Student: 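Below is the structure I would like to discuss, written out as structure tokens.
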Amino acid sequence: VPGHARYSRARLATMGLDAHSVEQGRLLEEHVLTRRAELAREAHEQWSAAGPHSVSPFVPCAASRIPVLLRSARLSASDVLWDLGCGDGRVLHQAAAQYGCRCVGVDIDAACIAEARRRADEQGVGGRCTFYACDLLRLAPGALLDGTLGAAAEAAAVGPRLPPPTVAVVFVTGHALSRMNRFLHGEWAGASGALRLLTCVESLDSCVDFEAGDALFGAERPRWPISRAFEAHGVFVVPPAGTSVEDWQAREAEWEPRPPLSRAEADQADEALLRGLLSHADVAAIRKLGEAMMAEEACGAKNVETADALAALDLFDATPGADAASAAEDCCHASREHRLVHLHRGRRLQRALPALLERVLNRVRTEDAARWRLLRGRAANVRSAELHVYTTGGSVADPEHRDAGSLLTISVLLSPQAEFGGGELLLWRAANGEGAVGGFAPLGEELQPGDGVLFPSEKRHNVRALTHGTRRAFIIELWAGGANEHNRHS
């Protein structure tokens, strides 16, 4: 993609771009700018985003943008969501997991389509997601209305009739969006109020194809009603034909995310047991990454002044970002009996095991959608991803311990029960009946390596002291703040 400059996060921020654009720029560099030589070798391949018929490179949608995109679509289980230019399918995987809708993804890159199918099966949403290689610019009028891709698609997609979309997402370059403009208008108008459209970064009423000679003063473009309620997130919505922007936006409050649980509500909430969340290979990969990071950080931890660090730390302060609290947190988790390493530090987990992380998060989203709905419609990020290592005497024993300020916590056992004694995860049980008193209690079911326990983060929880051996656990906290890259505080 000639002409693109490399922008640092600091420079992107000074340009007035939102947080999604910062992440989007990083993805552009990762998937395009650093792969120019590799992509050049695909320049003559028909089914490649770098090939002669492609009008948009493959750059995934920023993870922080996806929840806002899905919320603005107002999805329900009865919807059929099409993603035109779906890439590796991550938007549809999350939509299927979180909203239960049927999904169809099309993209000119056959390798991306193969990856989208593989990930859908891996994440348990393969039955709700269909993917085909397709040249978007060759779609015939009525293709979306009839659910037929025809000669625009790979041979396997020529015959099947797909469910027509009620929602269509188009996240491509302005160049591609301009060329698809009239086609999309015809499908939208022809659906008679049954189709809403969403675009990212650029809107259908202002996109420009600068490769066209008459880009600025050519033929008049179709007239579009555009809701800009989520413009700050780079998301633009075309309501169903016949619905005004004013009427569409008047109902926005109905789709607001539910408020986070109070501490009292979280203590009352039940947990969810997720059997087999991680495979044996996953467990081994997390342990390997965590142990390597612990070895790297061991020397640095010795230089922290313990007394000063502890004096600065409020373990239950939900306000992130203080340098003293950040340093103190690192110090507190360097003890021999209970060691901790932040796997998200420097985005190590995200870089080393991206598919594993996405699989875990989509399982969490599915469970949350059925129980608490804390993540639906909310831009939730990984606040912390941690490997905890307990040895004899190690525990979490504070009666008020909560993951304050986070939304959901998932705790996954990594060690076989035979390797340790004690060390049970204890969750707060609310009082049941008049005169009863609440308290901590174990799950009542034995966990195997790879099993996870998901619960609202504000629910009180402890870990019983180990009597012998070593217990390892993988912990992820999700919150409504930005993605951290050091520890829980920064």
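Count residues from 1 along the sequence. Because the structure is predicted, anything quoted here is derived from the model rather than measured.
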Student: Any idea which heavy atoms bring P67 and A380 closest together, and the distance?
Tutor: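 Closest pair (atom of P67, atom of A380, distance): CG-N, 4.4 Å.
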Student: H468 and F420: aromatic ring centres closer than 6.0 Å?
Tutor: no
Student: Do L198 and F236 touch side chain to side chain, with heavy atoms closer than 4.5 Å?
Tutor: no
Student: Judged by modelled atom types alone, do R488 and S384 share a side-chain donor-acceptor pair under 3.5 Å?
Tutor: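 Side-chain D/A pair, R488 to S384: absent.
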Student: Testing the 3.5 Å rule here: is there a donor-acceptor pair between the side chains of Q98 and R376?
Tutor: no
Student: Rounded to the nearest 0.5 Å, what's the gap from CG on N462 to CG on L425? Could you check?
Tutor: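 N462 CG to L425 CG: 9.0 Å, rounded to 0.5 Å.
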Student: Can you tell me if H342 and H486 form a side-chain donor-acceptor pair at under 3.5 Å?
Tutor: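 Checked: H342/H486 side chains show no N/O donor-acceptor pair below 3.5 Å.
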Student: Does a side chain donor of either T409 or E477 reach within less than 3.5 Å of an acceptor in the other side chain?
Tutor: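 Note: T409 and E477 side chains miss the donor-acceptor criterion.
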Student: Any luck finding a side-chain donor-acceptor pair between R196 and T243 under 3.5 Å?
Tutor: no
Student: Do R258's NZ or CZ and the ring of W372 fall within the cation-pi criteria of under 6.0 Å and 45°?
Tutor: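 No; the conditions do not both hold, so R258 does not lie above the ring face of W372.
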Student: Which label fits F131 and H93: parallel for a plane angle under 30°, tilted from 30 to 60°, or perpendicular past 60°?
Tutor: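 Correct class here is perpendicular.
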Student: Would you please say whether a donor-acceptor pair under 3.5 Å links the side chains of T391 and T470?
Tutor: no
Student: Less than 4.5 Å apart, any side-chain heavy atom of D368 and any of L408?
Tutor: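 Yes, side chains in contact.
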Student: Do we see a donor-acceptor contact under 3.5 Å between the side chains of Q448 and E446?
Tutor: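 Yes, a side-chain donor-acceptor pair sits under 3.5 Å.
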